[in-house]
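Taking it in order: structure first as structure tokens, then the write-up.
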Amino acid sequence: MDALTLTDRLTATIDDKRDDLIALTQDLIRIPTLNPPGENYREICDYLANRLSGKGFQIELVRAEGSPGDSDRYPRWNVVARREGAEPGECVHFNSHIDVVDVGRGWTKDPFGGELEDGKVYGRGACDMKGGLAASIIAAEAFIECCPDFRGAIEISGTADEESGGFGGVAYLAQKGFFAPERVQHVIIPEPLNKDRICLGHRGVWWAEIETYGEIAHGSMPFLGDCAVRHMGAVLDEMESSLFPALAAKRTDMPVVPEGAKQSTLNINSIHGGQSEIVRPETGLPSPVVPDSCRMVIDRRFLIEENIDEVQHEITSILDGLKQTRERFDYGIREMHRVLPTMTEKDAPVVTTVTEAIRATLGTEPSYVVSPGTYDQKHIDRIGKLKNCIAYGPGILDLAHKPDEYVGVDDMVDSAKVMGLSLLTLLGPRD
């Protein structure tokens, strides 16, 4: 059977699996894997294990013991399924996170109903990223049916906690060698980047907590104390006057989307000063005290052209400057999280392969983008030392984490064809 006939057969097989793809997506949505706190991870891993073991995959269930958030009540479970081919070759790994964010308000659909309407499957996690997970499974199953004597190996993983950093998921697996270059050679992460776009990587992130110190005193005599909140106000004022304009002037050659993310950004994630807020229905008033502590969490997103030491220095220079010029100003700073920017080269094998598959499936040239925020590629790159990794999957990124989140069925089918044709190129019969 020549390659063209095999290609046609593969795409036709995926078309025939359309109803199965819908049902699989619905089943995954109906398992509410909310993070936090990390609910039903074992249930969805068992579901995936049962399905994939029936297709000849060898299953490993891996609990990320000791990772952030892991507990007996909310264990961080992951599933890795591997199907060996008939002869030696490379391994293609599809990695999808199984967790979803909080539902939030504003839904008109059942968030965990998996409702099918007008060619769309609705539910929390539909596009981010259970639709992508389902598409990768259908692609792999169709490829195995059409090419049972394939070379190498196919892996499919469902991993925990991507929405909260991925430390109980891909980071843990990478530490255990699951993404070592001698085990896996190509990684596709089916995040919802639109079916005609290939995501090469992401910006960097540096999270830190800044604390300003004061002295407690009676609120009627604030002159006897030292208000830590006012000190934090001075920090914010300096950021507004000098740091934010400087960040806005920094631009990147990375193809980051959307346009506003092509500059450096800083988000004030939270500020907590003084007493804890009263929780209703309590009716008492707070006590009158001068706050002796104020804490601010910052979320700094930086570009591949920037150095992490410079990113940190921009903040510490403001704080040190205030310590020199502002009476009684003192501070502490604690790094919470850092991830360096990453970007796979356009000529990497997985990029060129998926590019050709998009051309063949959609008849269009793909666009190459970089994500404004991080995703699990950071761990595959940093810990696994595997550079040949991209994000590609169905769904519209803007719908992620929104009410009435959905994924289009046609988009899932087309993305599954792209993934299937990529498998054919990388693992199929040699010419």
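What you see is a predicted model; the values in this text were computed from it and never measured.
- Counting heavy-atom neighbours within 6.0 Å of Glu345 CD, excluding the residue itself, gives a total of 12 or less.
- Between Ile29 and Val121, the closest heavy-atom pair is CD1-CG1, 3.7 Å.
- With Thr352 contributing its side chain and Pro349 its backbone, the two residues share a donor-acceptor pair below 3.5 Å.
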Discussion item. Between Val418 and Lys195, does the side chain to side chain contact (heavy atoms under 4.5 Å, CB included) criterion hold? Intermediate values first, please.
Written reply: CA-CA 9 Å; Val418 170; Lys195 63 184 179 181; over 6 Å; no
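- Under the 6.0 Å distance and 45° angle rule, Lys109 counts as a cation-pi partner of Tyr122.
- Checked options Asp15, Thr11, Thr7, Thr361; the residue passing with Lys417 is Asp15 (criterion: side chain to side chain donor-acceptor pair (under 3.5 Å)).
- Taking a cutoff of 4.0 Å between a charged side-chain nitrogen and a carboxylate oxygen, Lys402 and Glu405 do not qualify as a salt bridge.
- Shortest non-hydrogen contact noted between Thr374 and Glu162 is O-OE2, 4.0 Å.
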Practice prompt. Check the pair Leu200 / Thr342 against side chain to side chain contact (heavy atoms under 4.5 Å, CB included), numbers first and verdict last.
Written response: CA-CA 8 Å; Leu200 302 174; Thr342 184; over 6 Å; no
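- Although no hydrogens or angles enter the test, the distance criterion places no donor-acceptor pair under 3.5 Å between the side chain of Glu211 and the main chain of Arg295.
- Counting only N and O atoms by type, the side chains of Asn95 and Ser157 include a donor and acceptor under 3.5 Å apart.
- For the atom pair CD1 of Ile154 and CD1 of Ile137, the computed distance is 12.0 Å after rounding to the nearest 0.5 Å.
- Among all heavy-atom pairs drawn from Met419 and Gly132, the shortest one is CE-O, 4.3 Å.
- Between the Arg197 side chain and the Leu193 main chain, a donor and an acceptor come within less than 3.5 Å of each other.
- Taking the centre of each ring, Tyr172 and Phe167 stay at or above the 6.0 Å mark.
- When the shell of 6.0 Å around CG of Asp253 is examined, it contains 12 or fewer heavy atoms from other residues, nucleotides or ligands.
- Heavy atoms only, all atoms of each residue included: Val413 and Ile14 are closest at O-CG2, 3.9 Å.
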Practice prompt. With side chain to side chain donor-acceptor pair (under 3.5 Å) as the test, would you mind laying out the steps for Thr355 and Tyr368 before giving the verdict?
Written response: CA-CA 9 Å; Thr355 294; Tyr368 303 97; 2.9 Å; yes
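- Asp309 CG: more than 12 foreign heavy atoms inside a 6.0 Å radius.
- Remark: side-chain polar atoms of Asp196 are not paired, donor with acceptor, to backbone N or O of Pro366 under 3.5 angstrom.
- With salt bridges taken as basic N to acidic carboxylate O contacts below 4.0 Å, none links Asp411 and Lys120.
- Panel note: side chain Ser415, backbone Met412; no donor-acceptor pair is recorded below 3.5 Å.
- Salt bridge Arg76/Glu39: absent, no basic N to carboxylate O contact under 4.0 Å.
- A cation-pi arrangement is present between Arg42 and Trp77 under the rule of less than 6.0 angstrom and at most 45 degrees off the ring axis.
- In the model, Thr33 has no side-chain atom that pairs as donor or acceptor with a side-chain atom of Asn40 under 3.5 Å.
- Side chains of His97 and Asp376: no donor on one and acceptor on the other come within 3.5 Å.
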Fill in: Stepwise side chain to side chain donor-acceptor pair (under 3.5 Å) test for Glu163 and His401
CA-CA 10 Å; Glu163 299 291 3; His401 301 193; 3.1 Å; yes
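- Tyr74 and Asn35 are not linked by any side-chain donor-acceptor pair at a separation below 3.5 angstrom, with hydrogens and angles left out of the test.
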Discussion item. Would Thr425 and Leu421 count as a side chain to side chain contact (heavy atoms under 4.5 Å, CB included) here? Give the steps.
Written reply: CA-CA 6 Å; Thr425 298; Leu421 292 179; 5.6 Å; no
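- A salt bridge is absent between Asp110 and Arg124; no separation between the charged side-chain nitrogens and carboxylate oxygens falls under 4.0 Å.
- Taking the centre of each ring, His231 and Tyr331 stay at or above the 6.0 Å mark.
- Salt bridge Glu306/Arg300: present, at least one basic N to carboxylate O contact under 4.0 Å.
- Between the side chain of Thr252 and the backbone N or O of Leu303, no donor-acceptor pair lies under 3.5 Å.
- Between Glu305 and Lys250, no side-chain nitrogen of the basic residue sits less than 4.0 Å from a carboxylate oxygen of the acidic one, so the salt-bridge criterion is not met.
- The nearest pair of heavy atoms linking Gly158 to Leu48 is CA-CD1, 4.5 Å.
- One finds a salt bridge joining Asp20 and Arg51 here, because a Lys/Arg side-chain nitrogen approaches an Asp/Glu carboxylate oxygen to under 4.0 Å.
- Side-chain N/O atoms of Trp207 and Glu335 include no donor and acceptor closer than 3.5 Å.
- For the residue pair Asp404 and Thr108, a side-chain donor N or O sits within less than 3.5 Å of a side-chain acceptor on the partner.
- Between the side chain of Asp237 and the backbone N or O of Gly233 there is no donor-acceptor pair closer than 3.5 Å.
- Glu87 and Arg151 are not joined by a salt bridge, as no carboxylate oxygen comes within less than 4.0 angstrom of a charged side-chain nitrogen.
- No donor-acceptor distance shorter than 3.5 angstrom exists from the side chain of Asn269 to the backbone of Asp299, with no hydrogens or angles considered.
- The nearest pair of heavy atoms linking Ala416 to Ala139 is O-CB, 3.3 Å.
- The pair Lys385-Glu182 does not meet the salt-bridge criterion, since no charged nitrogen lies less than 4.0 angstrom from a carboxylate oxygen.
- If you check the side chains of His202 and Gln377, you find no donor sitting under 3.5 Å from an acceptor.
- At distances below 3.5 Å, at least one donor-acceptor pair connects side-chain atoms of Arg83 with backbone N or O atoms of Lys55.
- Put simply, the side chain of Glu238 never gets that close to the backbone of Ile318: no donor and acceptor are under 3.5 Å apart.
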Practice prompt. List the steps, then state whether side chain to side chain contact (heavy atoms under 4.5 Å, CB included) holds for Glu314 with Leu243.
Written response: CA-CA 8 Å; Glu314 288 170 342; Leu243 182 58; 4.1 Å; yes
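- Of the N and O atoms on the side chains of His93 and Gln185, not one donor lies less than 3.5 Å from an acceptor on the other residue.
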